[in-house]
Amino acid sequence: MTAPAPAAPVSEEAPAPDGPSPLRRKLLVLLAAVLLLAGVGTAAVRYAADRSDRRDREQAGGPPVHEGTLTLDAGVAGGRRLLLRNLAWGPHRDEIAAVPADDPDGPRTASGVKCLRFHAAAGTGICLQAEHGALDDTYHASVLDASLHEVERFPAPGIPTRARVSPSGHLVGWTVFVSGDSYAGTDFSTRTAIVDTRNRQFYDNLEDFRVLRDGHQVQASDVNVWGVTFADDSSFYATVATGGRTYLVRGDLAARTLTTLHQNVECPSLSPDGTRVAYKKRVDGADPAAPWRLYVLDLATMTETATAEQRNIDDQALWADDRTLLYSMPGDYGSDLWTVPADGTGTPAVLVRSAVAPAYLG
Amino acid sequence: MYLADARSTKSDRAADAAPDSGPGRRAAAVPGTVFALGAVSLVTDVSSEMVGAVLPLYVVSALGLSPLGFGLLDGINNGVGALVRLLGGHAADRGGRGHKLVAGLGYGLSALCKPLLLLVHTLPMIGAVLAVDRTGKGLRTAPRDAMISLATAPEHRGRAFGVHRAMDTTGALIGPLLAFAVLRITDDRAERAGYGAVFTVSGCVAVLGVLLLVLFVPGRITRAGLPAADPAAPGPTLRDALALLRRPALRRLALAAVLLGLTTVSDSFLYLLLQRELDLPAHLFPLLPLGTAAVFLLLAVPLGLVADRIGRRTLFLLGHAALLGGYAVVLSPLHGVPAAAAVLLLHGTFYAATDGVLAAATAATVPDGQQGAGQALVGTGQALARFACSLAFGAAWSLWGPRPALAATAAALAVTALAATLLLRPATPATPAATR
């Protein structure tokens, strides 16, 4: 080894013959800039924090919300209820709340349980929650009993987006966005899981199921599954995406298969009578940032019917009954719930403001 | 951080004045300019990784947009960024202050994008801002590496690039933490205000990075013992830049980097494989990149020193052996967290032994006046090769499934590593430094 040559930058930092040295001047400039930028940054953070504090104060003109006891059992006194994630500002923001189904603008009974996404049926609830850790936000899926107590908790590897309980209350399913779960840089994809609450069997990734298209098994690394809707305790419908296309699939839990039925179907929702699926259809010529419209597919004839809702929809619709769809639209406090007839007639109307993630009980 | 470096620069100069004083020598191997550029990269990476960490959350939860078109966009942006890098490297070689100017333009463009994110609310517009951000990154990469090469004595470049990459990776680790800290303080995930605060803070940090560059990176990079470039001399033409490929040493190095790049599975694929093949719990998934980064950070400087000692091209090849080892662990019957930790250790070692080391090896194969173009040629070749590998790997996965695809890649890596070893044999040293 030869001795290293002395190396140093011949820089503009060399001391000047008179006056303060350029280096000192630069450090002063840097110090001033750091103070200024720190001021701007702090102000931005404080502004945002103040804004978030305001949300904890009750919103003027909003629906009355009071604390109470909720149950997920179907047959309770007081008739049919609509459960939702309350988005109205105040101390009960983001909690699951109940309103009478025939008076959705009426007082909300807040449960104290906060969920990002929620669904319930027949005494079982699924609540997708965030945990704000030191390093990162983590998420989990919490299976709730009729009194909204956690029965079991499953880790969810991403931001929750969809949740469903089967009509019997035996199966629960959910979808999250998984960061980095694909092959092009920061691309991200979905992961969908199902739990059988009777025997605690956990199907942690439906992508492991065999995808059957026209009788052949699809082999692809880019398979994504999202938006489960249950038919009964062994079969369900969902969306499968592969090769840049989306498909409605019928899933079979026992056989671990997903069979494609129809193209261009996202976030299906099965009608209570099991004959139709409401879904997001990607329409031609739409704004690429807002490409979906609400459609209904007849499963017997495979005919598509456009609903009267002309705006972009990004929700897994819910059937209020066999004729009416319920879905979320962006609103002043995050989201409002709207209804529209499922047969293509009528006009969309707001059902309840400042709410998302609805479920009917009773 | 910089204050301490500034002081050490001073003592370096004192050491230069008295060449016999020992202690200053060691520090002088990595000149102040490299620390300054490292500080710029650290601060800039804090800024860009802040945005990178929250952008998926922002797009999905605050804007309610679909994430599915996002990945394609990112792929295109990466390709554009690689091509812009060629342009930046060449432009930087023209004119005496070209490197700082072009790098400054690149850092400035990216800084400008952060506040712009506050104003755009649709996916196409966000895509456009991200494209400008990538253009800035493409512009600055080659001039920055050229400046590190120019400021450092050839025999210490491995260490200098190691220091730079360690500082760079430190920024990449701090960024997400700072972003989530801001979101935590504002407790505002569902609304835009919390993300606005993240973008504002990120913009402030980016401006600080540009300021560090302007204030503390010299406009004309020189190193002791070499005459400063003649400012009146005409800059290299585009033809000169392409003629670089006629230099055997650079051509061999670029070819080796491209060949090995073609068999380097992208990070996101590797993490996906880890998760699936080693049966990792899903919640560990977001931690995998941190594991690689931590190992990279810890080993960048020591392996840079090793590169200076045993030869950069040798270490570059050994780094790929570590990558091959990582593939082997994934393919082996090992499972669970210990196996994943072993893969991340090998993966981080791979980066520490190849990333800055390749830049240092490149520096030795091109004349000082064309460092920018040389760094850009090799860097772009490697980046495009890796992108091609991602596409091919995706196709192989679809056809054969994940394990056979990785097995094929591992076999291909073994073959290309052998070819690269032959290519990089120090048979015909063009310059004495080129063999090191």
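This structure is a prediction, so every number in the text was calculated from the model and none was measured. Worth knowing before you read on, the calculation uses all heavy atoms, side chains too, and leaves out hydrogens, waters and symmetry mates. Protein chains get the first letters and strands the later ones, always in sequence-line order, with residue 1 at the start of each.
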Report task. Kindly compute the distance separating CD1 (B:Ile185) from OG1 (A:Thr42), expressed to the nearest 0.5 Å. Result -> 9.0 Å
Query - Atom pair NZ (A:Lys26) and CG (B:Leu212), whose distance is rounded to the nearest 0.5 Å - result: 11.5 Å
Query - Partner set under side-chain hydrogen bond (donor to acceptor under 3.5 Å, both in side chains) for A:Asp336, not counting sequence neighbours - result: A:Arg353
Query raised in the report: Which heavy atom of B:Ala197 sits nearest a heavy atom of A:Ala48, and at what distance?
Result: CB-CB, 3.9 Å
Requested in this report: Could you tell me which residues satisfy side-chain hydrogen bond (donor to acceptor under 3.5 Å, both in side chains) with A:Arg311, sequence neighbours excluded, listed by chain and number?
Outcome: A:Glu309
Requested in this report: For A:Gln316, enumerate each residue passing the side-chain hydrogen bond (donor to acceptor under 3.5 Å, both in side chains) test, keeping only those at least two apart in sequence or located in another chain.
Outcome: none
Requested in this report: Evaluate whether atom CZ of A:Arg46 has more than 12 neighbouring non-hydrogen atoms of other residues, nucleotides or ligands under 6.0 angstrom away.
Outcome: no
Report task. Answer yes or no: does atom OH of A:Tyr47 have more than 12 heavy-atom neighbours from other residues, nucleotides or ligands under 6.0 Å? Result -> no
Query raised in the report: If contact means a heavy atom pair closer than 4.5 Å, which residues of residues 202-210 of chain B contact chain A?
Result: B:Cys204, B:Val207, B:Leu208
Query - Minimal non-hydrogen separation, B:Thr186 against A:Val45, with atom names - result: CG2-O, 3.5 Å
**Report entry** Close side-chain approach of B:Phe216 to A:Leu30, heavy-atom, < 4.5 Å
**Finding:** yes
